[in-house]
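Report on the structure given below.
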Protein chains: 2
Amino acid sequence: MDSKTLCLGALMLGDASGYEIKKTFEDGPFSFFHQTSFGSIYPSLGKLTEQGHVTCDEHEQDGRPDKKVYSLTDSGRAAFIKALTVKPKHDRIRSESMYMLFFAQLLDSGHVHKVFEGYLQGLRHNIETLSNLNDDGISPSRLFVRGFGKAFYEAGIKYMEENRHMVLNDDAVSAGEKS
Amino acid sequence: MDSKTLCLGALMLGDASGYEIKKTFEDGPFSFFHQTSFGSIYPSLGKLTEQGHVTCDEHEQDGRPDKKVYSLTDSGRAAFIKALTVKPKHDRIRSESMYMLFFAQLLDSGHVHKVFEGYLQGLRHNIETLSNLNDDGISPSRLFVRGFGKAFYEAGIKYMEENRHMVLNDDAVSAGEKS
DNA sequence: ACCGGCATGTAACGGGTTACATGATTTT
DNA sequence: AAAATCATGTAACCCGTTACATGCCGGT
């Protein structure tokens, strides 16, 4: 799935600028299963405009560059649906943190600790992000995906909290006193 | 984390050929949080050999090309540990299936059905893969990572089974009869 | 007979990340 | 005073995927 399709999907949620599309992938409903960067969004929007899949309204602004708000056209909507009507590729996950924790016995325990806590915090942050989304009037399938993300992350948090002793062999010490 | 580090990690589990390293990322303990392809493994092994991080033993074989079995050197082990002693990047997940399910209401229900069932099957397959691994004599941190993967996938399966009605609006019909 | 598994490797192509370039305004 | 937010865009580079090239063996 290329960056253009990702942009079309973001615009299915409503007109938006490139900047706002990026936020959708950071804080919005796609945050837990996709990510993009400006370097791919802006060129994609350019190509989509050429192809007639989106139109662009420029709003002048004080000081800042003009805000370019993109809207889907019928052809864009059709292209989006067509792009989604293929066999999906398998999920691709890359987790450096898990790779590090796997090799925890080789690493400095301070570092392992940081990685562990950082990962936990990341999971909590992701749940918060999903929980902050407004669910009013959202279709069941969208709620399903949100719920799936939450279920995933919650299971991860629960597991980590219950099994921290497997990676961190200092809990008894660091919990009480430091000497 | 580049492909070279990934190869070093695979070799930490024992000497292996490029072909076997790939299997480690497909069926082995890394399967759920990383993936690679021959196109990146073979060149990486070449570079690592040049750098002295691995050595290579060639075993002649009947018919097949020689099997090149790589082993870590001390310098390789040190390089690996150094590569892991940095702040990990955030997990990167890309799930085309979830993207499709999010937009289920736009898509042909037959296709949605296929995506849903395919995804569920994929989760089950992942759990099976993790369950087939031999846990004997494995360090706690490695078991932790395995358990994390299982907890993740199990939560996903449970959620999908309990909430299928949110995406699939044909369960009552298709469950009983087909007319 | 054909497909899948074993086994290594190269090359091109595509694509995305990162960094750079610019700059005002608001928050800390 | 510095950092973050808003806002767009380009370019280079890295790197990985995909496809190609080759070939035997075992199972169906």
Side-chain angles (χ1 to χ4, degrees), chain A residues 1-8 10-11 15-28 30 33-50 54 56-70 83 86-94 96, chain B residues 1-8 10-11 15-28 30 33-50 54 56-70 83 86-94 96:
Chain A
M1 173 137 26
D2 56 28
S3 178
K4 278 188 290 180
T5 308
L6 259 19
C7 288
L8 289 175
L11 292 176
D15 298 349
S17 65
Y19 190 85
E20 287 162 346
I21 288 175
K22 199 190 169 218
K23 276 202 298 179
T24 300
F25 283 93
E26 261 168 14
D27 307 311
F30 305 143
F33 56 90
H34 266 292
Q35 39 278 134
T36 26
S37 55
F38 288 134
S40 59
I41 291 172
Y42 286 125
S44 293
L45 288 171
K47 281 174 216 154
L48 288 169
T49 308
E50 278 174 38
V54 302
C56 173
D57 262 0
E58 275 179 69
H59 298 260
E60 278 182 48
Q61 292 189 138
D62 40 310
R64 300 185 217 280
D66 291 0
K67 186 172 182 176
K68 292 176 155 190
V69 176
Y70 294 87
V86 295
K87 197 184 169 196
K89 287 189 203 145
H90 288 143
D91 286 10
R92 180 152 296 165
I93 302 180
R94 22 190 61 200
E96 298 200 349
Chain B
M1 173 135 31
D2 56 30
S3 178
K4 278 188 290 182
T5 308
L6 258 18
C7 288
L8 290 175
L11 293 175
D15 298 349
S17 65
Y19 191 84
E20 287 162 348
I21 290 176
K22 200 191 170 215
K23 275 202 299 180
T24 300
F25 283 94
E26 261 169 14
D27 306 312
F30 304 144
F33 56 91
H34 265 294
Q35 39 278 133
T36 26
S37 55
F38 287 134
S40 59
I41 290 172
Y42 287 123
S44 293
L45 288 171
K47 282 176 214 154
L48 288 168
T49 307
E50 278 174 38
V54 302
C56 174
D57 263 358
E58 275 178 70
H59 298 260
E60 278 183 47
Q61 293 192 136
D62 40 312
R64 301 183 217 281
D66 290 1
K67 187 171 181 177
K68 293 177 155 188
V69 176
Y70 294 87
V86 296
K87 197 183 170 199
K89 287 188 203 149
H90 287 143
D91 285 8
R92 180 154 295 164
I93 303 179
R94 21 191 64 202
E96 298 199 347

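This one's a predicted model, so the numbers in the text were calculated from it and none came from an experiment. Chain A is the first sequence line, chain B the second, and so forth, proteins listed ahead of strands; every chain is numbered from 1. Side chains included, hydrogens not; waters and symmetry mates left out as well; all remaining heavy atoms used.
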To the nearest angstrom, the CG-C1' distance between A/Leu6 and C/dT17 comes to 14 Å

In whole angstroms, how far is the P atom of C/dG16 from the CD1 atom of B/Ile93?
18 Å

Grab the CG-C1' distance between B/Asp2 and C/dT18 for me, whole Å please.
16 Å

Figure out the NE2/P separation between B/His34 and D/dT17, and round it to whole Å.
11 Å

Should the ring pair A/Phe30 and A/Phe25 be called parallel, tilted or perpendicular, given that the plane angle runs from 0 to 90° and is split at 30 and 60?
tilted

Between C1' on C/dG14 and CE on A/Met1, what's the gap in Å once rounded to a whole number?
17 Å

Side chains of B/Arg94 and A/Lys89: does their closest heavy-atom pair fall under 4.5 Å?
no

Presence of A/Ser17 side-chain N/O under 4.0 Å of D/dT8 phosphate oxygens OP1/OP2
yes

Give a yes/no answer on whether the side chain of B/Ser37 brings an N or O atom under 4.0 Å of OP1 or OP2 in D/dT17.
yes

Interatomic distance, A/Ile21 atom CD1 to A/Ser40 atom OG [nearest 0.5 angstrom]:
10.0 Å

In whole angstrom, give the distance that lies between atom CD of A/Glu26 and atom C1' of C/dT17.
14 Å

In whole angstrom, give the distance that lies between atom CD of B/Glu58 and atom P of C/dT8.
10 Å

Quick one: bend of the helix from C/dA1-D/dT28 to C/dT28-D/dA1 from 5 pairs per end, to 10°?
50°

Which nucleotide wins on minimum distance to the side chain of A/Ser3, given the candidates C/dT18, C/dG16, C/dC6?
C/dG16

Tell me whether the guanidinium CZ or amine NZ of A/Lys22 lies under 6.0 angstrom from the six-membered ring centre of A/Phe38 and within 45° of its axis.
yes

Are the side chains of A/Val54 and A/Leu8 in contact, using a 4.5 Å heavy-atom criterion?
yes

Heavy-atom check, side chain of B/Asp91 versus side chain of B/Phe33, under 4.5 Å
no

Roughly, in whole Å, what's the span from CD1 in A/Ile21 to C1' in D/dT8?
13 Å

Please list, for nucleotides 9-11 of chain C, all pairs of protein and nucleotide N/O atoms separated by less than 3.5 Å.
residue	atom	partner	partner atom	Å
C/dG9	OP1	B/Lys68	NZ	2.2

Between A/Lys4 and B/Tyr19, who's closer to the 5' end of DNA chain C by nearest nucleotide?
B/Tyr19

Within a strict 4.5 Å, meaning less than it, do heavy atoms of the B/Asp57 and B/Asp15 side chains meet?
no

Taking C-beta and beyond as the side chain, do A/Lys68 and A/Ser17 meet within less than 4.5 Å on heavy atoms?
no

Working to the nearest 0.5 angstrom, can you tell me the gap between A/Glu96 CD and B/Arg92 CZ?
9.0 Å

